[in-house]
Amino acid sequence: MADADPNAGAPFDPSDLAHPEFTPDPSASREEMEALQREIAAVARFEDDHGLLPERIALDSPFEIGSGLPSATQRTLVPEGSGDAGPIVVGIDQAFRGGGGASGTDDGSGESISAAVAIRDGRVIEYAHAVTPLSIPYIPGLLAFREGGPILAALDALSVEPDLLVLDGSGRIHYREAGIATHIGVIHDVPSIGVAKSLLCGDPDEPIDGRPAGWRTPIRADRSMSTVAEDEPVVGYAYQSRQYPNARTINPLYVSPGHRVSPSTAVDLIEALCAGYKLPEPTRLADASADAVTHGSR
DNA sequence: GCGACAG
DNA sequence: ATCTTGTCGC
C-alpha cells in the first residue's frame with residue numbers, strides 16, 4: 001500500500017490533526033470558496049472542547065506599549081511540569097503595505113504583514129510574523145481567502161503550540177458559519193475565537209448603543225446565514241469591553257466562536273483577556289507588532 | 001430590483 | 001485594513 005501511516009505509534013501531537021486540505025486557495029472560484037466554507041462549518045464544533053478557564057488566562061493590567069513592545073521572555077523548553085505553566089494564548093493581526101487601489105480598496109496587490117504574539121501567565125513568550133504577497137481583494141464573507149495564507153504563515157513561524165487562538169474578524173458570525181476564526185481554528189484543530197469590531201451579519205437581541213462596560217447580548221442568526229444547528233440560533237455575542245464615563249460612546253466587540261468553544265465561553269475568555277482597552281490584549285499586541293514590522297522597527 | 005457587507 | 005488634522009475630555 002502507498003498509504004502507510006508515517007505517524008503510527010507517534011505520541012499525540014495536535015498538529016497531526018491539521019487539515020491541510022482546508023487551506024484557503026486564493027485562486028479558487030467564488031463557488032469553490034463557498035463550498036470549502038460549508039465543509040469547514042460542517043467540521044467546526046461550536047461547543048466547549050478545551051481545558052481553558054477564564055481565570056487561568058486573565059490579564060488584569062494592560063501591557064505597556066507606547067514605549068516599544070514588551071520583550072518576549074520565553075523560558076526554555078519544558079515538556080510539561082516545571083511548576084504549572086498556564087495555557088498559551090496567541091493573538092494574531094495583520095497590517096498591509098502597497099496595493100494599487102486609489103481610495104484604499106485594493107485590487108489584491110500589495111503585501112500582508114501577519115503578526116502572532118504568544119502570551120502565557122501574563123507575559124509575552126514569543127513574537128512571530130510573516131510577510132506575504134496578497135493575491136485577492138477583500139470580499140465580505142471571503143476574508144479567509146485573502147488573509148488565511150498569511151495567518152498560517154505567521155503561525156508556522158511560531159515555535160510554541162497555541163492552546164487558544166484569538167483572531168481579528170468573525171468565527172461563526174458568518175453567512176456560512178465559517179469566518180476566518182473558524183477557518184484557521186479548524187485547520188489547526190485548536191480552540192479559536194473571532195473578535196470583530198463590526199458586525200458582518202446576524203442580529204443583536206438588544207440595541208447595542210451606549211452600553212456600560214461588561215454588558216453583552218446574544219447575536220442570533222438572521223436569514224442571510226445558513227445555520228447548521230437550527231436549535232442553536234445564538235452565533236455570538238456583542239460585548240462592551242470598554243466604555244467612557246461620560247464622553248462619547250465606544251462600540252462593542254462582536255465575539256464569536258471559531259472552533260471548539262461555545263458562544264458564551266468565548267465571551268468569558270475574551271472578557272478575561274481584556275485589560276482596560278477596547279481590544280483584548282493578545283489582539284492589541286499583535287496589532288502593535290504588525291505595525292512595528294510594517295514600519296521597519298523590527 | 002434594493003440593501004448589506006469581518007479586514 | 002489604510003490615508004491623515006484637529007479636537008474633545010480626563
Side-chain angles (χ1 to χ4, degrees), chain A residues 24 26 30 33-34 37 40-41 91-115 131-152 154 165-185 192-204 208 213 219 221-226 235-239 242-258 266 270 276-280 283-284 286-295:
Chain A
R30 185 183 189 110
M33 292 179 177
E34 296 185 349
Q37 292 183 325
I40 302 248
I92 302 171
D93 191 35
Q94 289 78 235
F96 304 88
R97 246 185 212 157
S103 60
T105 52
D106 38 20
D107 58 352
S109 61
E111 54 189 16
S112 164
I113 293 77
S114 187
V131 178
T132 312
L134 291 166
S135 43
I136 66 171
Y138 162 68
I139 299 169
L142 299 178
L143 180 64
F145 290 84
R146 172 177 168 80
E147 300 178 4
I151 288 173
L152 292 174
L165 298 177
V166 178
L167 293 136
D168 251 43
S170 294
R172 196 180 185 181
I173 296 180
H174 182 273
Y175 308 123
R176 292 165 291 282
E177 302 186 290
I180 195 159
T182 299
H183 206 132
I184 301 299
S192 65
I193 299 174
V195 177
K197 292 179 286 298
S198 59
L199 194 57
L200 174 62
C201 53
D203 301 310
I208 55 88
I219 300 296
D222 62 26
R223 284 186 294 193
S224 74
M225 306 184 221
S226 57
V235 293
Y237 278 84
Y239 169 62
R242 178 185 188 181
Q243 193 54 278
Y244 295 129
N246 308 305
R248 54 185 175 295
T249 173
I250 295 177
N251 293 128
L253 294 176
Y254 295 96
V255 180
S256 59
I270 292 304
Y277 289 88
K278 171 173 181 171
L279 297 175
T283 303
R284 276 185 72 227
D287 184 74
S289 178
D291 279 349
V293 173
T294 302
H295 299 140

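Values below: every heavy atom of this structure, side chains too, minus hydrogens, waters and symmetry copies. All chains are named by letter (A, B, ...) in the order of the sequence lines, taking the proteins before the strands, and each is independently numbered beginning at 1.
When rounded to the nearest whole Å, the span between CD1 of A/I184 and P of B/dG7 equals 15 Å. A/E177 places its CD atom 16 Å from the C1' atom of B/dA6, with the value rounded to the nearest Å. What separates CG of A/L253 from C1' of B/dA6 is a distance of 13 Å, to the nearest Å. Taking atom CZ of A/R176 as the reference point, atom P of B/dC5 lies 16 Å away to the nearest angstrom. A straight line from CG of A/D287 to P of B/dA6 spans 18 Å, rounded to a whole angstrom. The CG atom of A/L167 sits 16 Å away from the C1' atom of C/dA1 (whole-angstrom rounding).
Counting heavy atoms from C-beta on, the side chains of A/D287 and A/Q94 never come closer than 4.5 Å.
Rounded to the nearest 0.5 angstrom, A/R146 CZ and A/S112 OG are separated by 7.5 Å. In this structure, CD on A/E147 lies 9.0 Å from OH on A/Y138, to the nearest 0.5 angstrom.
The side chain of A/R248 approaches C/dC8 more closely than any other nucleotide in the set C/dA1, C/dC8, B/dC5. Comparing C/dC8, B/dA6, C/dA1 by their nearest atom to the side chain of A/K197 picks out C/dA1.
Here the side chain of A/D222 pairs a donor or acceptor atom with the backbone of A/G202 at under 3.5 angstrom.
Using a 4.0 Å heavy-atom cutoff across all strands shown, A/A181 reaches no nucleic acid atom at all.
B/dG7 has A/Y138 stacked on its base ring, the centres lying under 5.5 angstrom apart and the planes within 30 degrees of parallel.
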